[in-house]
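Notes for the one structure printed next.
Note that ligands are numbered from 1 as they come in the structure, with each ligand's atoms numbered from 1 the same way.
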Amino acid sequence: MTKHSVKTILKSKNIQKLSMITAYDYLFAKLFDSEVDMILVGDSLNMSFGGKKDTLDASLDIMIYHTRAVCNGAPNSFVICDMPFGTYTDEIVGLNSAIRVYQETNADAIKIEGGAEKAHIIKKITQNGIAVVGHIGLLPQFFRSEGYSVKGKEEKELQKLINDAKAVEEAGAFLLVIEGVKAQTAKEITKAVNIPTIGIGAGKDTDGQVLVWSDMLGFFEDFKPKFVREYLHGAQLVKNAIRNYNDDVKSGKFPTEKESY
Ligand code: KIV
């Protein structure tokens with residue numbers, strides 16, 4: 001797969017579905033490089049990599065560290081860095097944070113959670129030459145104040161989400177993540193904007209899909225959301241391998257002469 005640009009991603013709308021996966025490190029980014037349309041260094045790393053209960057204390061330094069590692073592993077992929085909680089509280093804070101990401105990593109774009117109320121911040125950042133991905137619906141950075149709940153179940157919420165999507169598009173975002181939204185609502189949002197939408201827990205009618213790598217490969221066992229499809233039982237494979245290694249060490253089967261100098 002050749003590396004995407006903002007232009008080729010925009011052109012994909014109504015032509016080809018887009019695939020996105022998260023990655024947090026060099027090793028897995030290398031495995032994913034060129035296999036999917038985009039790689040997101042999501043602040044979900046705070047939970048599945050850092051073992052925290054939510055994403056809120058992922059700092060910009062942490063996101064930059066992981067984005068560098070992912071860019072090192074996936075030089076042929078379009079890489080997006082998630083802006084963590086508290087790093088885009090207003091236009092200047094947001095712009096300075098986004099500039100740090102562009103200057104200190106090779107990320108192609110940044111992602112910002114929020115709708116119409118964040119549009120002025122997105123506009124400031126895009127006007128300064130930084131590509132922005134929007135993110136509406138269920139917003140993990142609002143977990144402590146709002147909890148996790150599926151959005152777009154009522155007409156009032158549908159209208160708000162469509163307004164949010166349009167405001168984010170008008171502010172200059174080239175792509176929109178829709179998370180935890182009723183499938184029919186996500187379909188209508190997708191029809192209402194000209195930029196591609198990427199769904200997670202938002203049904204089949206968005207312009208593409210994103211999954212968190214450790215969910216998709218079956219490494220994260222703490223809980224499994226309904227929308228996750230496991231393409232590998234990674235945790236079980238690793239546990240089997242590590243037990244075999246332990247048995248071989250204890251029984252003296254490892255190392256053999258061939259594995260010795
Ligand atoms: O942090 C993340 O991994 C995300 C995806 C769930 C879209 O924002």
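Taking only nitrogen or oxygen atoms, main chain and side chain alike, T22 does not reach within less than 3.5 Å of ligand 1. Every N/O-N/O distance between E179 and ligand 1 stays at or above 3.5 Å.
Checking side-chain atoms of S77 against main-chain N and O of S34 turns up a donor-acceptor pair under 3.5 Å. A donor-acceptor contact shorter than 3.5 Å is absent between the side chain of E169 and the backbone of V193. A donor-acceptor pair under 3.5 Å links the side-chain atoms of E117 to the main chain of G115, judged by distance alone. Remark: the backbone N or O of D54 is paired with a side-chain donor or acceptor of N46 at under 3.5 angstrom. Under the 3.5 Å distance criterion, the side-chain polar atoms of N72 are left unmatched by any main-chain donor or acceptor of Y26.
Every atom of ligand 1 with a heavy atom of D82 under 4.0 Å away is listed here by number and element: 1 (O), 2 (C), 8 (O). Listed by number with element, the atoms of ligand 1 under 4.0 Å from a non-hydrogen atom of K111 are 8 (O). Short contacts between ligand 1 and D43, defined as distances under 4.0 Å to a heavy atom of the residue, involve ligand atoms 1 (O). Taking every heavy atom of I200 and a limit of under 4.0 angstrom, the matching atoms of ligand 1 come to 6 (C). Interface atoms of ligand 1 facing G42, defined by a heavy-atom separation under 4.0 Å, are 1 (O), 2 (C), 3 (O). When each atom of ligand 1 is checked for a heavy atom of H135 under 4.0 Å away, the hits are 8 (O). Taking every non-hydrogen atom of S44 and a distance limit under 4.0 Å, the qualifying atoms of ligand 1 come out as 1 (O), 2 (C), 3 (O).
For the pair M20 and ligand 1, no heavy-atom separation below 4.0 Å is found. Using a 4.0 angstrom heavy-atom cutoff, E113 does not count as in contact with ligand 1.
Using modelled atom types, one finds no donor on one side chain facing an acceptor on the other under 3.5 Å when comparing D37 with Q16. With no hydrogens or angles considered, a side-chain donor-acceptor pair links E259 and T256 at under 3.5 Å.
In this structure, D222 does not pair ionically with K53, as no charged nitrogen and carboxylate oxygen lie closer than 4.0 Å.
Of all protein heavy atoms, the one closest to atom 4 (C) of ligand 1 is L40 CD2, 3.7 Å.
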